[in-house]
Asks: 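Pasting a structure here, questions to come.
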Amino acid sequence: MDFTSGLNDRQKEAVLSIDGPLLIIAGAGSGKTRVITHRIAHMLTQGIPQSSILALTFTNKAAREMSERVRELTKKKLSNLTVSTFHAFGVQILRKTIHLLPGYRDNFSIYDQADKNALIKECARELGMAPDTLDLWEIGNIFSSVKTFRHKWDGDTKIYEKLFHEYQEHLQLYNAVDFDDLIVRPIHILQENPEVLESYRERFRYVMVDEFQDTSMAQYRLMKILSETNRNICVVGDDDQSIYSWRGANYENIINFERDFPELTEIKLEQNYRSTGNILAAANGLIAHNTNRKEKELWTGTGYGNAIEIYYPENEQREAEFITTMIRMLKSRGEIEYHDVGVLIRTNSLSATLEDAFLNENIPYRISGGTSFFQRKEIKDLISYLRIMSNPDDDMNLLRIINTPRRGIGKRTLQRIQETAQKKNCSIYSAISALRYASDSGLGEKAQTDLSDFVSLIEYYREMVFTGKGIAKTVQSLVDAVQYWPYLIGEHQKNESTARWKYANICRFIEMIAQWEETQKEEGRKASVYDYLNRITLITRDDDQDDDDGKVNIMTIHAAKGLEFSLVFLAGVEAHLVPHARAVEEDPANLEEERRLFYVAITRAREKLYITSCRSRRNMRDVLVCEPSPFLTEIPEGLIEDHIGEDELSTEDAVEALSALRAKFASGS
DNA sequence: GGGTAAGCAGTTTTT
DNA sequence: CTGCTTACCC
């Protein structure tokens, strides 16, 4: 089978270069995914076993899409092909090797941002550091930088060093790791255990990394250590689309890569197959304002297409109205399907107004970002129960549910137990287990019974979930046993529909677990709680993979990376949002990254791009007067149709504008 | 000891 | 507006 037909020469070259280091600089819309998937397919035809290939991506979605597309191409079952995110790959390594780290067992918990903050707070309290005077976010970031080799303790940060060690010790005590650990711990394990490293190198003889511009220093180390001897490493990226530096992404990795693998082949993909000439010219013109970039110019063989249109609605409600009206109109004229449309925003908070408008207008939409399903309180509660069943030493999760729903264990009691735990240097759960029958516990009789009941509850369900009753069944039974439904009603007395909605979420959650268990069984894998928990911690959003058809996509620009839509609305393109005031304030050098972000946004559009910039916008309490984004002036003249003179944009105006547009379409321009 | 009401701060982007 | 902490009351 030939997997190079239909590709251009550069793409072909990329697909056929299997051995040795390869750097592919792939501009927006240059068929990057196509190249990667075809390359993998080609490798398989060359007799390279699936199990030798490791493809690392940035998001779960990208991973899923990639393996899906390779499967379609090859029409083979690919159960041994490893396509995963860096973090998920880290989990995979840890599941096998974490016992090599002192104090850790393989039922470890993974802490997300929220857990992490809670733990930092907890540690600060223990050190007597007045937690409310601390900026947990900032500290969290410092801890991250230190962990991932980006930062050493210095004059400014030294005051947190002690807190950091406390934090690390607690993680170990709770048998827990944070997100950074998922990358960093595997590196340490591989470095310190040559035989383990050797086995991984033997296994993964071909490594590919997608979205290379967004890899962090730590991630780079991980991929490097794996491929240093085989040297079959292929990285694909675009420095112009590097938009995650705040999370440690280091576009200099491209330079590091050239240094560490000097014999590399470099291939540039500059032909754009996605956007019209106009859109591309706008994007090129904009990004040319950045100084620090690899020179490249995207080009397209297709025509210029429609002008980019900019509108200036009075406020965010009018903006939402404009967008929904446009969509409605184009849809009713059969020009678009809902799923052809992307509405892109800088911040999640901008989605609220849009969502309202879409609901009002009855336009189906899908929103990604924001609090994902798994972050909802009722779901997190249940996950915490599962966590405690699988790893009782996990104090953070224990504290979360020890009195949820209320079972009469109050803060006083908790404080006592925590003190005991601290004294004995053990987890809260062990402290309770030891205390509950002790006569000298210093606790009241009632407290003791309540605690005892709690431990029995956990033990009962722990037993249940591990003896093959199934996770879904266990959770269902647990929900009944702790009377979660009455609890929900009690919590939302004024608002029974919220209670019902939350309960529906729980049912959906249980269903999702059941489904997962089913698939695991079908594929002949054991459906262990550990695996389930590890998996869902890394899922942030887009859990509903199947029903994205027939819906408009509302998402942040970050979330839109790697996607494309025929029609794109770019909302809230105002001076304080694009570039985001906070980002620039933090460091003026961030301006270039903000520009890249805007570049990514523009290049998502295939045929038509609407930009809206509100003249005022409600921000929490007050109304802000807004200016258009300065980036708009960086788009070359002649590509834009500016509707700046048009006063107050009413729905009728939008309709009118649309008829004009329609006329233009008809005249074939 | 435990629950409740008032008071207050708040999210830029995500694995 | 909301969700969380704090202070207060049962």
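As the structure is a prediction and not an experimental result, all values here were calculated from the model. Numbers restart at 1 for each chain; the letters A, B, ... are given by sequence-line order, proteins then strands.
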Asks: Could you work out which one of B:dT11, B:dT14, B:dG1 sits closest to the side chain of A:Tyr244?
Replies: B:dT14

Asks: Rounded to the Å, how far apart are A:Met555 CE and B:dT14 C1'?
Replies: 14 Å

Asks: Mapping A:Asp450 and A:Trp246 to their closest nucleotides on DNA chain B, which lands nearer the 5' end?
Replies: A:Asp450

Asks: Salt bridge check: are A:Glu319 and A:Arg617 linked by an N-O gap of less than 4.0 Å?
Replies: yes

Asks: OP1, OP2 of B:dT14 versus side-chain N and O of A:Thr59: anything below 4.0 Å?
Replies: no

Asks: Using whole Å, report how far CD of A:Glu316 lies from C1' of C:dC1.
Replies: 14 Å

Asks: Just N and O in the side chain of A:Lys377: are any of them under 4.0 Å from OP1 or OP2 of C:dC4?
Replies: no

Asks: From CG of A:Asn117 over to C1' of C:dC4, roughly how many Å is that when rounded to an integer?
Replies: 14 Å

Asks: Whole angstroms only, please: what is the CZ-P distance between A:Arg617 and B:dT12?
Replies: 14 Å

Asks: Rounding to an integer number of Å, can you tell me how far A:Ile557 CD1 sits from B:dT14 P?
Replies: 11 Å

Asks: Is the distance from the ring center of A:His558 to that of A:Tyr244 below 6.0 Å?
Replies: yes

Asks: Decide if the gap between the ring center of A:Tyr487 and the ring center of A:Tyr484 is smaller than 6.0 angstrom.
Replies: yes

Asks: Given B:dG1, B:dT12, B:dG3, identify the nucleotide with an atom nearest to the side chain of A:Thr413.
Replies: B:dG1

Asks: Identify, between A:Asn403 and A:Trp137, the residue whose nearest nucleotide on DNA chain B lies closer to the 5' end.
Replies: A:Asn403

Asks: Where the side chain of A:Arg582 is defined as all heavy atoms beyond and including C-beta, which of B:dG3, C:dT5, B:dT11 is the nearest nucleotide?
Replies: B:dT11

Asks: Compare side-chain N and O positions of A:Arg346 against OP1 and OP2 of B:dT12 and report whether any pair is under 4.0 Å apart.
Replies: no

Asks: Reckon A:Asn590 has a side-chain N or O less than 4.0 Å from the OP1 or OP2 of B:dT13?
Replies: no

Asks: To the nearest angstrom, how far is A:Gln219 atom CD from B:dT14 atom P?
Replies: 16 Å

Asks: Quiz question: by atom type and distance under 3.5 Å, do the side chains of A:Tyr599 and A:Gln241 form a donor-acceptor pair?
Replies: no

Asks: Taking the side chain of A:Thr347 as its heavy atoms from C-beta onward, which of B:dT4, B:dT13, B:dT14 lies nearest to it?
Replies: B:dT13

Asks: Using a heavy-atom cut-off of under 4.0 Å over every strand shown, decide if A:Phe58 touches base, sugar-phosphate, or nothing.
Replies: sugar-phosphate

Asks: Examine B:dG1: is either OP1 or OP2 under 4.0 Å from a nitrogen or oxygen in the side chain of A:Arg416? Give yes or no.
Replies: yes

Asks: Within less than 4.0 Å of OP1 or OP2 of B:dT13, is there a side-chain N or O belonging to A:Asn348?
Replies: yes

Asks: Return yes if a side-chain donor-acceptor contact under 3.5 Å exists between A:Tyr111 and A:Asn397, otherwise no.
Replies: no

Asks: For A:Arg407 and B:dG2, what is the distance between atoms CZ and P respectively, to the nearest whole Å?
Replies: 13 Å

Asks: What's the gap between C:dT6 and B:dT11 when it is taken at their P atoms, as a whole Å value?
Replies: 16 Å

Asks: Measuring centre to centre across the rings, with the benzene-like ring taken for any Trp, is A:Phe212 within less than 6.0 Å of A:Phe257?
Replies: yes

Asks: Without decimals, in angstroms, what is the distance between A:Glu593 CD and B:dT14 P?
Replies: 13 Å

